[in-house]
Amino acid sequence: MVRAIVGANWGDEGKGKITDMLANESDIIIRFQGGSNAGHTIINNYGKFALHLLPSGVFYSHTTSVIGNGVALNIPFLVKEIDELVEKGVPKPHILVSDRAQILMPYHILFDQYEEERLGKKSFGSTKSGIAPFYSDKYAKIGFQVSELFESESLKEKVAQVCETKNVMLEHLYHKPVLDPEELFQTMLQYRDMVAPYVCDVSKYLYDAIKEGKNILLEGQLGSLKDPDHGIYPMVTSSSTLAAYGAIGAGIAPYEIKNITTVVKAYSSAVGAGAFVSEIFGEEADELRKRGGDGGEYGATTGRPRRMGWFDAVASRYGCRIQGSTEVALTVLDVLGYLDELHVCVGYEIDGEVTKDFPTTVRLERAKPVYETLPGWKCEIRGIKKYEDLPENCRKYIEFIEKEIETPITMVSNGPGRDEIIYR
């Protein structure tokens with residue numbers, strides 16, 4: 001069976017923990033989009049880890065971790081991440097890399113930095129990991145697939161052609177040093193040697209695994225609102241964050257995805273620019289940021305303070321719908337126990353009218369939150385294992401959210417640890 005684990009909102013929902021937890025019952029875990037531009041924080045018996053490119057199931061000896069064809073593959077970063085796990089006492093994971101995955105090139109990172117610098121105050125708040133230039137090249141058909149590393153003659157010719165194009169931009173738009181084709185070709189040969197032990201026809205591997213009845217997890221990066229088609233465009237990422245793309249980014253049939261677990265945070269947080277209707281500021285935001293997550297709400301990749309907000313039912317309902325959610329895992333509920341009352345954004349006021357439907361970006365920019373207020377539970381809920389043992393006001397908060405997002409909440413996370421989960 002294939003199960004997708006994806007985010008409903010802006011990312012940072014806690015997908016890493018849920019994947020790590022469910023991986024215990026899985027055979028294969030697949031990253032199907034994005035790159036090293038976002039991180040999943042995992043806390044388990046080995047310690048605390050911020051994974052960026054590797055799937056969040058790498059801590060189990062019985063699993064195979066797959067980098068699908070839809071991923072922006074930063075090869076040195078992948079090798080570094082594997083080595084860092086081993087250095088911290090984690091058994092070396094079994095990794096497969098799709099021969100159709102495309103390679104994030106050193107110049108993609110440079111172009112990302114140069115473009116943010118050029119845009120100045122109008123920048124997109126990029127992580128400067130090279131993701132947008134990578135996907136631009138992929139769809140402009142001037143990217144490099146992993147398989148091309150093993151054809152030296154044609155690779156060298158293509159590197160020279162690509163450098164010719166890139167150097168025009170570097171010289172005349174960014175006024176930066178140009179690329180040396182021979183130096184870049186030698187770098188590509190190093191990449192070949194680094195990735196060679198992991199390369200596989202992943203689509204065929206997964207086809208056979210599905211026929212054998214293996215349990216497979218598709219792990220998404222970021223969330224619905226960062227999708228380039230259905231998110232808050234243009235303040236989005238450059239690859240689809242939706243479960244539907246898992247079929248493409250992994251190389252399986254779409255009808256094989258039987259379960260879509262969408263991770264929803266018990267409050268809102270976001271990194272980067274873009275409309276954020278339920279955002280809070282000042283001391284109120286600082287206190288939630290300090291208490292939130294698994295040691296404060298800061299980007300796992302960038303370290304940037306996350307923007308904070310109340311739970312946004314409009315965005316979350318839309319995020320679940322666009323993912324095709326079959327169930328919801330509600331995370332970081334435990335951090336809200338200090339509050340006397342909680343606000344939930346149940347509608348948007350736009351141009352004097354209230355809507356419960358998530359709008360396009362131009363209208364979203366004018367939206368003001370419409371709140372309902374619920375009483376807090378004013379106590380610690382970590383350590384509770386049964387849903388009925390949660391405080392009444394806590395259960396009411398969960399059930400109110402469930403009704404608003406119109407998707408069953410089957411898991412409630414009440415702590416950062418792997419086992420701190422309540423099943424409903």
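Worth knowing before you read on, the calculation uses all heavy atoms, side chains too, and leaves out hydrogens, waters and symmetry mates.
In this structure, the ring of Tyr387 has its center no less than 6.0 angstrom from the ring center of Tyr423.
Counting only distance, with no hydrogens or angles, the side chain of Gln145 and the backbone of Ser147 share no donor-acceptor pair below 3.5 Å. Side chain of Asp389 to backbone of Ile384: no donor-acceptor contact under 3.5 angstrom is found. Between the side chain of His175 and the main chain of Glu171, a donor-acceptor pair closer than 3.5 Å is present. Of the possible polar contacts, one joining the Glu81 side chain to the Leu54 backbone as a donor-acceptor pair under 3.5 Å is found. Looking at Arg31, its side chain does come within 3.5 Å of a backbone N or O of Gln33 through a donor-acceptor pair. Side-chain atoms of Asp180 come within 3.5 Å of backbone atoms of Glu182 as a donor-acceptor pair (strictly under, hydrogens ignored). Lys88 places no side-chain N or O within donor-acceptor distance of the main-chain N or O of Tyr46, the cut-off being under 3.5 Å. Checking side-chain atoms of Asp27 against main-chain N and O of Thr63 turns up no donor-acceptor pair under 3.5 Å. Side chain of Gln221 to backbone of His52: no donor-acceptor contact under 3.5 angstrom is found. Without hydrogens or angle criteria, Asp112 side chain to Ser129 main chain gives a donor-acceptor distance under 3.5 Å.
Lys17 and Ser413 form a side-chain donor-acceptor contact under 3.5 Å, judged by distance and modelled atom types alone. In summary, the side chains of Asp20 and Ser56 do not present any donor paired with an acceptor at a separation below 3.5 Å, with no hydrogens or angles considered. Defined by atom type and a distance below 3.5 Å, a donor-acceptor pair is present between the side-chain atoms of Glu115 and Tyr174. Under 3.5 Å, the side chains of Thr261 and Arg3 contain a donor-acceptor pair of N or O atoms. Inspection of the Ser316 and Asn9 side chains reveals an N or O donor paired with an N or O acceptor under 3.5 Å. Residues Tyr207 and Asp201 have side chains that never bring a donor and an acceptor to within less than 3.5 angstrom of each other. Side-chain contact, Ser269 with Asp12: no donor N or O sits under 3.5 Å from an acceptor N or O. Looking only at atom types and distance, the side chain of Ser325 has a donor-acceptor partner in the side chain of Thr262 under 3.5 Å away.
Geometrically, Lys80 engages Phe77 in a cation-pi contact, judged by NZ or CZ lying under 6.0 Å from the ring centre and within 45° of the ring axis. Annotation: cation-pi geometry satisfied between Arg291 and Tyr338 (NZ/CZ under 6.0 angstrom from ring centroid, within 45° of ring axis).
Residue Tyr205 places its OH atom among more than 12 non-hydrogen atoms of other residues, nucleotides or ligands, all under 6.0 Å distant. Under a cut-off of 6.0 angstrom, the local environment of NZ in Lys258 is crowded, with over 12 non-hydrogen atoms contributed by other residues, nucleotides or ligands. Counted within 6.0 Å of NZ on Lys158, heavy atoms from surrounding residues, nucleotides or ligands total more than 12; the atom is thus considered enclosed. Heavy-atom neighbours of Arg100 CZ from other residues, nucleotides or ligands within 6.0 Å: at or below the threshold of 12. Applying the 6.0 Å contact sphere to CG of Asn45 captures no more than 12 heavy atoms from other residues, nucleotides or ligands. Heavy-atom neighbours of Lys403 NZ from other residues, nucleotides or ligands within 6.0 Å: at or below the threshold of 12.
Between the CG atom in Asp229 and the OG1 atom in Thr241 there is a gap of 9.5 Å [rounded to 0.5 Å]. Ile232 CD1 to Thr361 OG1: the interatomic distance, rounded to the nearest 0.5 Å, is 6.5 Å. Here the CD-CD1 distance, from Glu406 to Ile401, works out to 14.0 Å after rounding to the nearest 0.5 Å. Residue Glu117 holds its CD atom at 11.0 Å from CG of Leu110, rounded to the nearest 0.5 Å. A distance of 6.0 Å separates CG of Leu51 from CG of Leu85, quoted to the nearest 0.5 Å. Atom CG of Leu53 and atom CD1 of Ile75 lie 10.0 Å apart (nearest 0.5 Å).
A pairwise comparison of heavy atoms in Thr237 and Pro228 identifies O-CB, 3.8 Å as the closest pair. Summarising the geometry of Ser278 relative to Trp310, their closest heavy-atom pair is OG-O, 2.7 Å, with the distance given to 0.1 Å. Looking at every heavy atom in both residues, Pro55 comes nearest to Ile67 through CD-CD1, 4.1 Å. Contact detail for Val97 and Val202: the closest heavy-atom pair is C-CG2, 3.9 Å. Closest of all the heavy-atom pairs between Ala23 and Ile29 is CB-CD1, 4.0 Å. Shortest non-hydrogen contact noted between Ala101 and Gly68 is CB-O, 3.8 Å.
A heavy-atom distance below 4.5 Å is found between the side chains of Leu333 and Ile398. Under the 4.5 Å side-chain criterion, counting only non-hydrogen atoms from C-beta, Ile28 is in contact with Leu206. Counting heavy atoms from C-beta outward, Ile82 and Tyr198 have side chains that approach closer than 4.5 Å. A heavy-atom distance below 4.5 Å is not found between the side chains of Val162 and Val159. Within the 4.5 Å cutoff, the side chain of Glu219 has heavy atoms near those of the Thr19 side chain. Side chains of Ile103 and Phe134 form no contact here, defined as non-hydrogen atoms less than 4.5 Å apart. Inter-residue side-chain proximity for Ile18 and Leu22 is flagged as met; some heavy-atom pair is nearer than 4.5 Å. Residues Leu364 and Val277 have side chains in contact (heavy-atom distance under 4.5 Å, counting atoms from C-beta outward).
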| field | ring-ring contact (aromatic ring centres under 6.0 Å, His included) assessment of Tyr191 paired with Phe144 | value | CA-CA 12 Å; Tyr191 284 7; Phe144 292 88; over 10 Å; no

| said: Between Asn215 and Ser26, does the side-chain hydrogen bond (donor to acceptor under 3.5 Å, both in side chains) criterion hold? Intermediate values first, please. | reply: CA-CA 5 Å; Asn215 285 326; Ser26 303; 6.0 Å; no

| said: Under the criterion side chain to side chain contact (heavy atoms under 4.5 Å, CB included), I'd like the reasoning laid out for Glu404 against Lys356: C-alpha separation, chi angles, the key distance, then a yes or no. | reply: CA-CA 10 Å; Glu404 287 291 320; Lys356 298 194 81 165; 3.3 Å; yes

| said: Using the rule given for side chain to side chain contact (heavy atoms under 4.5 Å, CB included), can you reason through Val263 versus Val6, listing the C-alpha separation, both sets of side-chain angles and the distance that settles it, and then say yes or no? | reply: CA-CA 6 Å; Val263 185; Val6 288; over 6 Å; no

| When you look at Asn259 and Thr326, which way does the side-chain hydrogen bond (donor to acceptor under 3.5 Å, both in side chains) test go after all the steps? | CA-CA 6 Å; Asn259 190 308; Thr326 57; 3.0 Å; yes

| task | Tell me, with the steps shown, if Asp83 and Val86 meet side chain to side chain contact (heavy atoms under 4.5 Å, CB included). | result | CA-CA 5 Å; Asp83 290 345; Val86 175; 5.7 Å; no

| request: Just do the side chain to side chain contact (heavy atoms under 4.5 Å, CB included) check on Leu336 and Leu342 with the steps written out, would you? | output: CA-CA 8 Å; Leu336 300 177; Leu342 301 100; 3.6 Å; yes

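Under the side-chain hydrogen bond (donor to acceptor under 3.5 Å, both in side chains) rule, Glu297 has a single partner from Arg289, Arg306, Lys290, which is Arg306.
Note on ring orientation: taking the six-membered ring where Trp is involved, the planes of Tyr397 and Phe311 are perpendicular (angle over 60°, cut-offs 30° and 60°).
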